[in-house]
Every structure is written in structure tokens, then in C-alpha cells.
There are 2 protein chains.
Amino acid sequence: MTSGPNLNFMSKNHLYKGTLQSVLLKLLSEEGRMYGYELSKKAKAMTNGDLDITEGSLYPALHKLEAQGLVEAEIEMIGKRARKYYRLTESGGREAKDRIEELTEYVRNLQMFLKPNLGNG
Amino acid sequence: MTSGPNLNFMSKNHLYKGTLQSVLLKLLSEEGRMYGYELSKKAKAMTNGDLDITEGSLYPALHKLEAQGLVEAEIEMIGKRARKYYRLTESGGREAKDRIEELTEYVRNLQMFLKPNLGNG
DNA sequence: AAATATACATAGCTTTCTTATGCATATGTT
DNA sequence: AACATATGCATAAGAAAGCTATGTATATTT
């Protein structure tokens with residue numbers, strides 16, 4: 001690496017704390033069926049490279065969602081490699097809807113907080 | 001209170017995880033000089049009642065900001081009661097500016113994430 | 001061949017926040 | 001007067017979330 005240094009230091013992940021489950025549910029509710037690695041890449045792409053979900057967060061989070069009955073998994077072999085696809089359960093679908101609303105309101109509130117004068121604009 | 005029950009249960013605080021210091025710095029950068037209790041009330045008012053900064057979060061956070069040299073405190077007696085006013089230091093002012101930018105970008109990214117099709121609207 | 005990307009997983013740690021508790025004064029209600 | 005609520009600060013103990021580090025293995029690119 002002579003020319004392009006890795007800019008992976010100083011990620012802004014800390015702000016996303018508390019949003020991870022909601023983010024995963026949102027993606028699954030749109031794409032229908034995704035696997036872990038795919039989820040993390042998609043999340044990153046959709047947040048301008050800001051949200052870098054590490055494996056240490058991602059997989060435990062997915063397992064937790066599964067344990068809560070919000071998603072269900074299915075392993076698919078791609079050549080010799082196993083891929084674990086997740087999709088929302090019925091209750092997961094309802095939960096996703098709620099979480100997305102909650103996230104949306106949260107964003108609206110943060111925006112109001114940042115620009116109180118433009119709150120109703 | 002016979003008619004209006006307390007709706008203090010089920011706060012949505014969890015989403016705000018990671019934003020507390022930034023929120024405090026933002027308020028101080030606008031108001032110039034505030035005390036703890038005032039900060040928590042103002043934050044709540046500015047987020048539609050959503051962000052309820054408890055004392056157990058608030059005071060340790062302020063102490064940490066002080067230890068980092070970002071704010072400085074001054075005790076003022078109101079009658080017999082002590083009030084601790086905080087204001088940004090010079091480096092705190094710079095930090096506040098950075099944090100506010102970061103928060104703004106974060107909100108922008110979350111919004112893009114929630115409505116990718118309206119991203120450039 | 002070596003490096004990087006894909007793909008999953010878990011243990012241990014740190015940070016952040018919540019709950020619970022404590023103390024004290026001021027104000028409003030009955 | 002008594003009681004409840006609001007104001008105002010503080011800390012200890014615990015929970016929750018996420019990060020770092022590590023492990024394993026296949027696929028692709030250089």
C-alpha cells in the first residue's frame with residue numbers, strides 16, 4: 001500500500017449505537033432475503049461508507065434477532081461455502097415496521113434538535 | 001392527575017446512545033452557559049420529549065467532558081442551593097463544532113438509509 | 001504464491017447508559 | 001402543617017451494546 005492508505009481508522013460508528021437491530025430489520029424488510037456479509041456491505045453502501053458493521057457486532061445481532069423470533073435463517077451452499085440467509089418472520093415484519101417508524105421519528109427529532117429554527121419548514 | 005396518565009414508560013432513549021456528549025456540546029455552544037438540570041430539560045424539550053437524559057447519565061457525562069478539558073464549571077449559589085454552570089472551553093468550542101458536523105452528517109446518512117430514493121431530493 | 005475478499009462464529013473487553021440510591025432545598029397542594 | 005413534587009447535584013452497581021481479537025475456511029485477484 002504505497003498510494004492509497006487505509007482510511008479505516010476513525011470510523012464514526014459510535015453514533016450508530018442502538019440502531020443496529022433496526023438497521024438490519026429495515027434492510028431485510030426491503031430486500032426480503034439477505035445474508036450477513038451482504039447486510040453489512042449494503043448498510044455501508046447506503047450510509048455513504050459511514051456505518052461499518054463489524055463481524056463481532058453483526059453475527060451476534062443476527063443470532064439475537066433469530067432467538068427473538070424476528071428472523072429465521074436458512075443455510076445455502078455456494079460451491080463449498082455455506083451462506084446463511086435470513087428473512088423476517090411474521091412478527092419480525094411487524095417489528096420491522098415499528099422500528100422503522102421509530103427510527104424515522106428519531107431522525108426527525110435529531111434534525112429538529114440540530115436546526116430548531118427550520119423545525120417546521 | 002386523574003385524566004392524564006404518566007407516559008414516562010417506554011422511552012426511546014436507546015437510539016440516542018452515543019449522541020449524549022454531542023448533544024451537550026451542541027446545547028452549550030448555543031446557550032453559552034447552562035447547568036445540568038437545565039441541559040436535560042432543554043434536550044427533552046428540543047426532541048419532542050423523546051430524549052430523556054437521566055441524572056445517572058447526565059452528571060457523569062458532564063464530569064467526563066470537564067476531565068477532557070472541553071467544558072469548565074463554576075458553582076453559583078441560588079439562595080442556599082448550589083448550581084453548577086458549565087461552559088465550553090476553547091478546545092471545547094472546536095470540538096463542539098466538529099461534533100455538530102459529525103452529528104449532522106450522521107442524520108443525513110440515516111435519512112438516506114431510510115429513504116434511498118429521496119436521497120438527492 | 002501471496003494478498004485480499006468472502007463468509008461465518010465466539011470469547012473477552014470496553015464504553016455507555018440505566019437503575020437505584022443518597023442528600024438537600026424550593027415550591028405547590030391539600 | 002403535612003405532603004408531594006420539582007429543583008439540583010452526585011455516585012455505585014449492573015446491564016446492554018458493540019468492538020477487538022481470534023479462529024476457521026473457501027474464492028478471487030494480483
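Naming convention: chains lettered A, B, ... in sequence-line order (proteins, then strands); numbering from 1 in each chain.
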- Could you tell me the separation between the CG atom of B:Leu20 and the P atom of C:dC17, rounded to a whole number of Å? 5 Å
- Are side-chain N/O atoms of A:Asn13 and A:Asp52 paired as donor and acceptor at under 3.5 Å? no
- Residue mapping more 5' on DNA chain D - nearest nucleotide basis, A:Gln21 or A:Ile78: A:Gln21
- Message: Can you tell me if A:Arg83 touches the phosphate of C:dA7, counting only side-chain N or O atoms and a distance under 4.0 Å to OP1 or OP2?
- Response: yes
- Query: So A:Thr47 and B:Leu110, side-chain contact (heavy atoms from CB on, under 4.5 Å) or not? Walk me through it.
  - Reply: CA-CA 7 Å; A:Thr47 54; B:Leu110 263 188; 5.6 Å; no
- Task: May I ask you to evaluate whether A:Asn13 reaches the phosphate of D:dC19, defined as a side-chain N or O under 4.0 Å from OP1 or OP2?
- Result: yes
- Along DNA chain D (nearest heavy atom to each residue), the more 5'-positioned of A:Thr54 and A:Gly79: A:Thr54
- Given atom CE of B:Met77 and atom C1' of C:dT25, what is their separation to the nearest angstrom? 10 Å
- Here the distance between atom P of C:dC17 and atom NE2 of A:His14, to the nearest Å, is 11 Å
- Base, sugar-phosphate, or nothing: which does B:Lys17 touch, judged by heavy atoms less than 4.0 Å apart? base
- Check the distance between C:dC8's P and A:Ile53's CD1 and give it to me in whole angstrom. 13 Å
- Message: Expressed as a whole number of angstroms, how long is the span from B:Glu55:CD to C:dC17:P?
- Response: 16 Å
- Answer yes or no: is there a side-chain heavy-atom contact under 4.5 Å between B:Glu66 and B:Tyr86? yes
- Task: Please lay out, stage by stage, how A:Gln21 and B:His14 fare under the test side-chain hydrogen bond (donor to acceptor under 3.5 Å, both in side chains).
- Result: CA-CA 11 Å; A:Gln21 278 210 358; B:His14 60 105; over 6 Å; no
- Using whole Å, report how far NZ of A:Lys41 lies from C1' of C:dA5. 8 Å
- Task: Please state whether the phosphate of C:dA9, meaning OP1 or OP2, lies under 4.0 angstrom from any side-chain nitrogen or oxygen of A:Tyr59.
- Result: no
- Query: Which part of the nucleic acid, if any, lies within reach of B:Gly56 when heavy atoms closer than 4.0 Å are counted: base, sugar-phosphate only, or nothing?
  - Reply: base
- Taking 4.0 angstrom as the limit, do B:Lys42 and B:Glu31 come out as a salt bridge? yes
- Task: Nearest whole angstrom, please: distance from the C1' of C:dT16 to the CG of B:Leu62.
- Result: 15 Å
- Item | Distance test, side-chain N/O of B:His63 to OP1/OP2 of D:dC9, below 4.0 Å | no
- Item | Out of D:dT7, D:dT11, C:dC8, whichever nucleotide has its closest atom nearest the side chain of A:Lys84 | C:dC8
- Please state whether the phosphate of C:dA7, meaning OP1 or OP2, lies under 4.0 angstrom from any side-chain nitrogen or oxygen of A:Tyr35. yes
- Could you check which of D:dC19, D:dG8, C:dT10 has an atom nearest any side-chain atom of B:Arg81? D:dG8
- Task: Starting at atom CG of A:Asp52, determine the distance to atom C1' of D:dG18, rounded to an integer number of angstrom.
- Result: 12 Å
